[in-house]
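These notes concern the structure reproduced below.
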Amino acid sequence: MKIATWNVNSLRVRLAQVESWLDDVAPDILCLQETKVPDTDFPIQTFVARGYQVVFHGQRTYNGVAIAARGPLADVTCGLAGFADEQCRALAATFQGLRVASLYVPNGTAVDSPRYPYKLSWLAALKEQSRVWLAQNPALVLAGDFNIAPEDRDVYDPAAWEGSVLVSAPERAAFQALIDTGLTDALGSLAGEGRGFSWWDYRAAAFRRDQGLRIDHILLGSPLAATFVRGFVDRKARAHPRPSDHAPVVVELAWPPA
DNA sequence: ATGCCGAACCCCGTTCGA
């Protein structure tokens with residue numbers, strides 16, 4: 001079972017890259033973020049033509065999440081329980097016994113921005129949602145752009161970033177509280193050498209200089225963490241012409257267990 | 001300290017992203 005997450009920064013602009021990436025990597029599940037496409041315009045046929053079923057929750061210009069999988073997706077839910085949100089940032093579905101969520105956590109903009117407390121509220125709602133999901137089915141996958149670099153080693157220049165949005169102590173505490181509901185950060189805890197940055201700024205030749213952050217994560221419930229085989233960041237996708245600023249993150253599991 | 005880039009939508013410069 002190969003599970004991937006990719007913030008594509010506009011599915012329309014990246015559609016050909018997503019197509020070739022699906023053909024090359026052939027994940028069983030692909031979670032997408034920042035599709036930036038209303039549901040009425042979602043390119044369903046791209047996925048169906050490759051043997052995927054796809055569900056989506058989008059809006060114009062900003063945000064937007066989707067899940068594609070090699071088979072039926074059941075019990076699809078949009079958003080987070082108990083958290084009214086006009087922004088399309090969460091989508092969950094059940095596939096082959098796994099509960100999978102595609103998540104686009106708010107950026108926060110800056111620690112003194114009005115968007116920062118929105119981000120922390122969103123993360124608090126996600127923690128409660130994770131508890132509910134885990135109680136229903138511990139085979140849980142939370143995949144997406146969390147907009148948090150959990151540790152200093154997930155930041156190319158920790159001193160320059162200290163205290164700023166994406167690395168601030170309240171954000172990292174919120175990430176840890178999410179983990180503490182019973183999840184394992186697959187790339188952070190299990191992947192060994194597969195751990196690496198997942199986002200590089202478009203500016204200042206950041207990718208060429210490997211000045212990045214690890215902010216895209218795949219969090220696994222314990223039955224899934226126990227079947228972990230490997231995880232990696234597909235940096236090749238970030239090296240393409242006109243790339244997303246994020247690379248796909250991939251986890252392989254020996255699931256279902258023998 | 002800021003812009004450095006890129007996407008979207010209209011305001012074709014401004015807003016947002018991370």
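Numbers restart at 1 for each chain; the letters A, B, ... are given by sequence-line order, proteins then strands.
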Item to complete: Check whether any side-chain N or O of A:Arg242 sits under 4.0 Å from OP1 or OP2 of B:dC5, and answer yes or no.
Response: no
Item to complete: Could you state the atom-to-atom distance from CD of A:Glu34 to C1' of B:dT15 in whole Å?
Response: 13 Å
Discussion item. Any carboxylate oxygen within less than 4.0 angstrom of a Lys/Arg side-chain nitrogen, looking at A:Arg235 and A:Asp210?
Written reply: yes
Item to complete: For nucleotides B:dT15 and B:dC10, find the distance between their C1' atoms and express it as a whole number of Å.
Response: 11 Å
Worksheet item: When you check the phosphate oxygens OP1 and OP2 of B:dG17, does a side-chain N or O of A:Thr109 lie under 4.0 Å from one of them?
Response: yes
Discussion item. Between B:dA7 and B:dT2, how many Å separate the two P atoms, rounded to a whole number?
Written reply: 25 Å
Worksheet item: Of the nucleotides B:dC9, B:dG17, B:dA7, which one has an atom closest to the side chain of A:Arg14?
Response: B:dA7
Practice prompt. For B:dC4 versus B:dC9, give the span between their C1' atoms, rounded off to a whole number of Å.
Written response: 23 Å
Worksheet item: Base, sugar-phosphate, or nothing: which does A:Tyr104 touch, judged by heavy atoms less than 4.0 Å apart?
Response: sugar-phosphate
Worksheet item: In terms of side-chain heavy atoms, does A:Trp21 have a donor or acceptor partner in A:Asp234 at a distance below 3.5 Å?
Response: yes
Fill in: Atom pair distance, as rounded to whole Å: CD in A:Gln33 and C1' in B:dA7
17 Å
Worksheet entry | OP1 or OP2 of B:dA18 under 4.0 Å from side-chain N/O of A:Tyr116 | no
Worksheet, complete the sentence: Winner on side-chain proximity to A:His246, out of B:dA18, B:dC16, B:dA8, is B:dA18
Discussion item. Heavy-atom nearest nucleotide on DNA chain B for A:Arg203 versus A:Tyr62: which residue maps closer to 5'?
Written reply: A:Arg203
Discussion item. Taking the basic N atoms (NZ, or NE/NH1/NH2) and the acidic carboxylate oxygens, is any pair closer than 4.0 Å for A:Asp152 and A:Arg172?
Written reply: yes
Worksheet item: Counting just side-chain N and O atoms, does A:Ser164 come under 4.0 Å of either OP1 or OP2 of B:dA18?
Response: no
Worksheet item: In whole Å, what is the span from the CG atom of A:Asp201 to the P atom of B:dG6?
Response: 10 Å
Worksheet item: Among the nucleotides B:dA18, B:dA7, B:dG6, which one has an atom lying closest to any side-chain atom of A:Tyr202?
Response: B:dG6
Fill in: For atom CZ of A:Phe197 and atom P of B:dA18, their distance in whole Å
17 Å
Practice prompt. Consider the side chain of A:Asn7, meaning its heavy atoms from C-beta on, and name the nucleotide among B:dC4, B:dA8, B:dA18 that approaches it most closely.
Written response: B:dA18
Discussion item. Does this structure show an ion pair linking A:Asp41 with A:Arg12, if we count only N-O contacts that are shorter than 4.0 Å?
Written reply: yes
Discussion item. Rounding to an integer number of Å, can you tell me how far A:Trp199 CH2 sits from B:dG6 C1'?
Written reply: 12 Å
Worksheet entry | Which residue lies more 5' along DNA chain B, comparing A:Asn9 with A:Pro106 via nearest heavy atoms | A:Asn9
Practice prompt. Could you tell me whether A:Phe42 and A:Phe47 have their ring centroids closer than 6.0 angstrom?
Written response: yes
Worksheet item: Which atoms form the tightest heavy-atom contact between A:Ala174 and A:Leu123, and what is the distance?
Response: CB-CD1, 3.8 Å
Item to complete: Among B:dG17, B:dA18, B:dC4, find the nucleotide with the atom closest to the side chain of A:Arg115.
Response: B:dG17
Worksheet item: Reckon A:Arg60 has a side-chain N or O less than 4.0 Å from the OP1 or OP2 of B:dC10?
Response: yes
Worksheet entry | Rounded distance (Å) that lies between atom C1' of B:dG17 and atom NZ of A:Lys119 | 11 Å
Worksheet item: Looking only at atom P, what distance separates B:dC11 and B:dC5, rounded to whole Å?
Response: 25 Å
Worksheet item: Could you give the OH-to-C1' distance, from A:Tyr118 to B:dC16, as a whole number of Å?
Response: 14 Å
Practice prompt. Can you tell me, in whole Å, how much space there is between the C1' of B:dA1 and that of B:dG13?
Written response: 23 Å
Worksheet item: Separation of A:His240 atom NE2 from B:dG6 atom C1', in whole Å?
Response: 18 Å
